[in-house]
Number of protein chains: 2
Amino acid sequence: MEEEKRQHLLDDFFKKCRQLKLSVTPQRLAIYKALIADDTHPSPEKIYRAIRSDFPTISLATVYKTLETLEKNGIISVVTPIHNTVRYDAMTEHHHHIVCVRCKKIMDLESKELDALKIPDVVAKQNRLVDFSVHFNVICSECLEKEKAETQIK
Amino acid sequence: MEEEKRQHLLDDFFKKCRQLKLSVTPQRLAIYKALIADDTHPSPEKIYRAIRSDFPTISLATVYKTLETLEKNGIISVVTPIHNTVRYDAMTEHHHHIVCVRCKKIMDLESKELDALKIPDVVAKQNRLVDFSVHFNVICSECLEKEKAETQIK
DNA sequence: TTACCTGCAAAAGGTTTGCAGGCTA
DNA sequence: TAGCCTGCAAACCTTTTGCAGGTAA
């Protein structure tokens, strides 16, 4: 990430925290700075290690809580999108996925059109492409039904 | 999944196991059957619960080991593609990801072209689309370099 | 028969929770 | 000052490992 962009994110960070009435504690700031300083999409553990030299007493739980808070407030986002357990699939051929963000159901999607996606040049310019897939986050029909039913009760 | 497809997968299962010299134990078969009977891409835990009535003494560790073996042999595949820890990103705007399957590095990719992807009708027909992203698995340039260096040593 | 596979138990991550005290706004 | 935030400890959940005995081919 370019220095300019980093500075911009940092400015936004203060702005958003003020708006959302989130305290800007030294720890939070350090966690956020560590995140924008690391282009590899670090894990909580990696962020923890990065700021430990400046905050020797900080706890990993604080890092988790802070990241969760920032995420819930839309200031940062989670990359591993699906869930916290491994999920298996009997289909080994190439296909795509539709994931319900409510009930966590994962559905397969076969699509010749998506398979034929034009791959941006940067992807294969320096790296060797292994495969790719498209991932749709949705609220599934069942969850929509449930939501509707609950709204009517009220 | 249609019954026909299931039967086909099951036939393939026996064939592949024979080819790969993997024993077809009752437990393995049960695990595989449970996987193809469940269209929601179950977790090891869910498969374990599904077969426990038939194999009351089976251990969760066996389910894990079996799924890992089948996955390594290309008989099944893992859905949660990235890794077993959460990864965060300071960019909250819509973007795509390039993931190195070797070093687990995750890189951001912004692409108006990908954003403009034609979404298959089935996706939004019954579900409410929240968002989507394209996920490229690659071997990154650094890992390719490393690989090359190691090959030369041999 | 032999190598692989299972089941148990324990350990090893990774993540979450509760609470007392401290700090930000 | 009030409410939020931190740090500690413990719990929890998922996954991995080692090993002894059992079973498929």
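Throughout, protein chains are lettered first and strands after them, A, B, ... in sequence-line order, and every chain is numbered starting at 1. Computation of the quantities below employed the complete heavy-atom set of this structure, encompassing side-chain atoms and omitting hydrogens, waters and symmetry-equivalent molecules.
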Enclosure of B:Asp11 CG (heavy-atom neighbours >12, cutoff 6.0 Å) | yes
Nucleotide nearest A:Ser59 (side chain, heavy atoms from C-beta), chosen from D:dC8, D:dT15, D:dA24 = D:dC8
A:Ile58 near the nucleic acid: base, sugar-phosphate alone, or nothing, with a heavy-atom cut-off under 4.0 Å?
-> sugar-phosphate
NE2 (B:His8) with more than 12 external heavy atoms under 6.0 Å = no
Please lay out, stage by stage, how B:Gln126 and B:Arg128 fare under the test side-chain contact (heavy atoms from CB on, under 4.5 Å).
-> CA-CA 7 Å; B:Gln126 305 194 61; B:Arg128 182 191 300 156; over 6 Å; no
Atom CG of A:Leu60 and atom P of D:dA11 are separated, to the nearest Å, by 18 Å
Please tell me which of the listed nucleotides, C:dC5, D:dC5, D:dT15, lies nearest to the side chain of B:Thr25?
-> C:dC5
Residues A:Leu144, B:Asn127; criterion side-chain contact (heavy atoms from CB on, under 4.5 Å); working and verdict | CA-CA 8 Å; A:Leu144 285 173; B:Asn127 314 300; 5.6 Å; no
Tell me which of A:Val24 and B:Pro56 sits closer to the 5' end of DNA chain C, going by the nucleotide each one is nearest to.
-> B:Pro56
Using heavy atoms to find the nearest nucleotide of DNA chain D for B:Glu45 and B:Ser23 separately, return the residue whose nucleotide is more 5′.
-> B:Glu45
Using atom CD of B:Glu71 as one end and atom P of D:dT15 as the other, report the distance to the nearest whole Å.
-> 13 Å
OP1 or OP2 of C:dG7 sitting under 4.0 Å from any side-chain N/O of B:Thr62?
-> yes
Taking atom P of C:dC23 as reference, at what distance in whole Å does atom CG of A:Leu29 sit?
-> 17 Å
Of D:dT6, C:dG7, C:dC5, the nucleotide closest to the side chain of A:Lys65 is D:dT6
In whole angstrom, give the distance that lies between atom CD of B:Glu68 and atom C1' of C:dT6.
-> 15 Å
Examine C:dT6: is either OP1 or OP2 under 4.0 Å from a nitrogen or oxygen in the side chain of B:Thr66? Give yes or no.
-> yes
Kindly point out which of C:dT15, D:dA24, D:dT15 is positioned nearest to the side chain of B:Pro26?
-> D:dA24
Within the pair B:Gln27 and C:dG7, is there a side-chain N or O less than 4.0 Å away from OP1 or OP2?
-> yes
How close or far is atom P of C:dT6 from atom CZ of B:Arg52, stated in whole angstroms?
-> 16 Å
What nucleotide, of D:dT14, C:dC4, C:dT17, holds the atom closest to the side chain of A:Ala61?
-> C:dT17
Tell me: CZ of A:Arg28 to P of D:dC5, nearest whole Å?
-> 4 Å
Under-4.0 Å salt bridge between A:Glu68 and A:Lys65 | no
Could you tell me the separation between the OH atom of B:Tyr64 and the C1' atom of C:dG13, rounded to a whole number of Å?
-> 12 Å
Does OP1 or OP2 of D:dC5 have a side-chain N or O of A:Thr69 closer than 4.0 Å?
-> no
Spacing between A:Tyr48 atom OH and C:dG14 atom C1', to the nearest angstrom | 13 Å
Does atom NZ of A:Lys21 have more than 12 heavy-atom neighbours, drawn from other residues, nucleotides or ligands, at distances under 6.0 Å?
-> no
Would one find a side-chain N or O of B:Thr57 under 4.0 angstrom from OP1 or OP2 of C:dG7?
-> yes
